[in-house]
Amino acid sequence: MQNNKNPIDTAFKERIYTLIGSIPMGKVAAYGQLARLAGAPNQSRAVGRLLKNLPAKSTLPWHRVINSQGKISFSIESEKYQQQRKLLTAEGVIFKNNKVSLKTYQWLA
DNA sequence: CACCTGACGCGTA
DNA sequence: TTACGCGCCAGGT
């Protein structure tokens with residue numbers, strides 16, 4: 001266990017993980033949206049870092065997290081882009097001109 | 001220690 | 001609608 005870790009950062013991380021885990025299949029959430037729900041409105045980049053450092057063994061639906069433009073935040077040429085898009089398409093998310101419908105975000109109030 | 005980079009987002013032009 | 005700039009800030013060089 002890491003002793004002097006900042007409890008606030010740890011709590012933030014846990015909240016983000018919980019939120020991501022609560023995203024229903026076929027729906028998505030934006031980095032900034034999650035950060036906001038976790039109580040840290042200007043930390044969208046922190047959410048991105050969390051996912052980047054996410055251990056491969058994790059079962060979190062990281063692919064359901066995209067940016068506020070409704071697009072996947074990887075280069076359209078990258079393998080990661082293709083992988084994420086494939087996962088989303090497999091659960092019914094429709095892409096139109098590389099973007100998902102805004103309705104896809106409506107998984108919460 | 002300075003400087004760059006990035007799984008972001010928003011306001012302006 | 002697309003293009004930039006700036007805020008934010010942990011990590012890497």
Side-chain angles (χ1 to χ4, degrees):
Chain A
M1 60 175 106
Q2 24 285 322
N3 26 19
N4 296 320
K5 276 300 180 184
N6 191 326
I8 296 179
D9 295 329
T10 301
F12 174 73
K13 187 165 79 172
E14 293 303 320
R15 269 173 282 168
I16 292 298
Y17 286 159
T18 299
L19 285 168
I20 294 177
S22 68
I23 305 174
M25 176 177 242
K27 293 290 183 179
V28 300
Y31 299 90
Q33 181 178 26
L34 295 175
R36 206 168 87 81
L37 291 172
N42 301 317
Q43 304 306 55
S44 52
R45 306 194 76 128
V47 176
R49 275 198 307 278
L50 241 46
L51 292 182
K52 180 174 186 175
N53 301 320
L54 197 63
K57 56 194 305 183
S58 174
T59 59
L60 282 180
W62 59 270
H63 56 283
R64 294 180 192 152
V65 184
I66 60 181
N67 63 38
S68 67
Q69 299 172 82
K71 304 199 299 187
I72 290 174
S73 294
F74 282 115
S75 164
I76 197 169
E77 288 294 313
S78 70
E79 284 300 314
K80 297 296 272 179
Y81 176 92
Q82 294 302 328
Q83 184 189 0
Q84 183 169 9
R85 175 154 176 165
K86 185 177 180 181
L87 287 169
L88 288 174
T89 300
E91 36 185 80
V93 176
I94 305 300
F95 279 81
K96 193 168 188 176
N97 195 28
N98 301 318
K99 298 196 293 188
V100 305
S101 165
L102 290 180
K103 291 177 180 171
T104 315
Y105 285 99
Q106 303 179 346
W107 57 283
L108 45 73

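Labels below follow one simple rule: chain letters A, B, ... track the order of the sequence lines, proteins then strands, and each chain is numbered from 1. Quick caveat: nothing in here was measured; it's all calculated off a predicted structure.
- A gap of 15 Å separates the P atoms of B:dC4 and C:dG5, to the nearest Å.
- Contact record, A:Gly26 with A:Val93: O-CG2, 3.7 Å, taken as the closest heavy-atom pair.
- The CG-C1' distance, from A:Leu34 to B:dA7, rounds to 12 Å in whole Å.
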Subject >> Under 4.0 Å protein heavy-atom contacts per nucleotide of nucleotides 6-13 of chain C, with B for base, S for backbone only and - for none >> reply: -BBBS---

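- At a threshold of 4.5 Å between non-hydrogen side-chain atoms, the residues A:Ile66 and A:Tyr105 count as touching.
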I'd like a table of atom pairs between the protein and nucleotides 2-4 of chain B - only N or O on both sides, under 3.5 Å - with the distance next to each one.
none

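- Within the model, atoms NZ of A:Lys27 and NZ of A:Lys103 stand 9.0 Å from one another, a figure rounded to the nearest 0.5 Å.
- Atom CH2 in A:Trp62 sits 5.5 Å away from atom CG in A:Leu87 (nearest 0.5 Å).
- When all heavy atoms of A:Ile16 and A:Ala38 are compared, the closest pair comes out as CD1-CB, 3.6 Å.
- Using modelled atom types, one side-chain atom of A:Arg15 and one backbone atom of A:Ala11 make a donor-acceptor pair closer than 3.5 Å.
- Within the structure, every pair that satisfies the salt bridge (charged side-chain N to carboxylate O under 4.0 Å, His left out) test and touches residues 58-67 of chain A, not counting sequence neighbours, is listed here: A:Arg64-A:Glu91.
- The CG atom of A:Leu34 lies 12.5 Å from the OH atom of A:Tyr17; values are rounded to the nearest 0.5 Å.
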Donor-acceptor list for residues 68-77 of chain A side chains, cut-off 3.5 Å, not counting sequence neighbours:
| from | atom 1 | to | atom 2 | distance (Å) |
| --- | --- | --- | --- | --- |
| A:Ser73 | OG | A:Asn67 | ND2 | 3.1 |
| A:Ser75 | OG | A:Glu77 | N | 3.3 |

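- One distance of note links CZ of A:Arg36 with CD of A:Gln33; it measures 8.0 Å at 0.5 Å rounding.
- Of the residues in residues 89-97 of chain A, not one places a heavy atom less than 4.0 Å from an atom of DNA chain B.
- Rounding to the nearest 0.5 Å places OG1 of A:Thr18 at 12.0 Å from NZ of A:Lys13.
- For A:Lys96, there are no side chain to side chain contact (heavy atoms under 4.5 Å, CB included) partners two or more places apart in sequence or in a different chain.
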Between side-chain atoms of residues 41-60 of chain A and protein atoms elsewhere (two or more places apart, or another chain), which donor-acceptor pairs fall under 3.5 Å?
| from | atom 1 | to | atom 2 | distance (Å) |
| --- | --- | --- | --- | --- |
| A:Asn53 | ND2 | A:Arg49 | O | 3.0 |
| A:Ser58 | OG | A:Leu60 | N | 3.2 |

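- Applying a 4.0 Å cut-off to non-hydrogen atoms, the residues of residues 62-71 of chain A that approach DNA chain B are A:Trp62, A:Asn67, A:Ser68, listed by residue number.
- Across every non-hydrogen atom of A:Val65 and A:Ala30, the tightest pair is CG1-C, 4.5 Å.
- Of the residues in residues 20-31 of chain A, those lying under 4.0 Å from DNA chain B by heavy-atom distance are A:Ala30, A:Tyr31.
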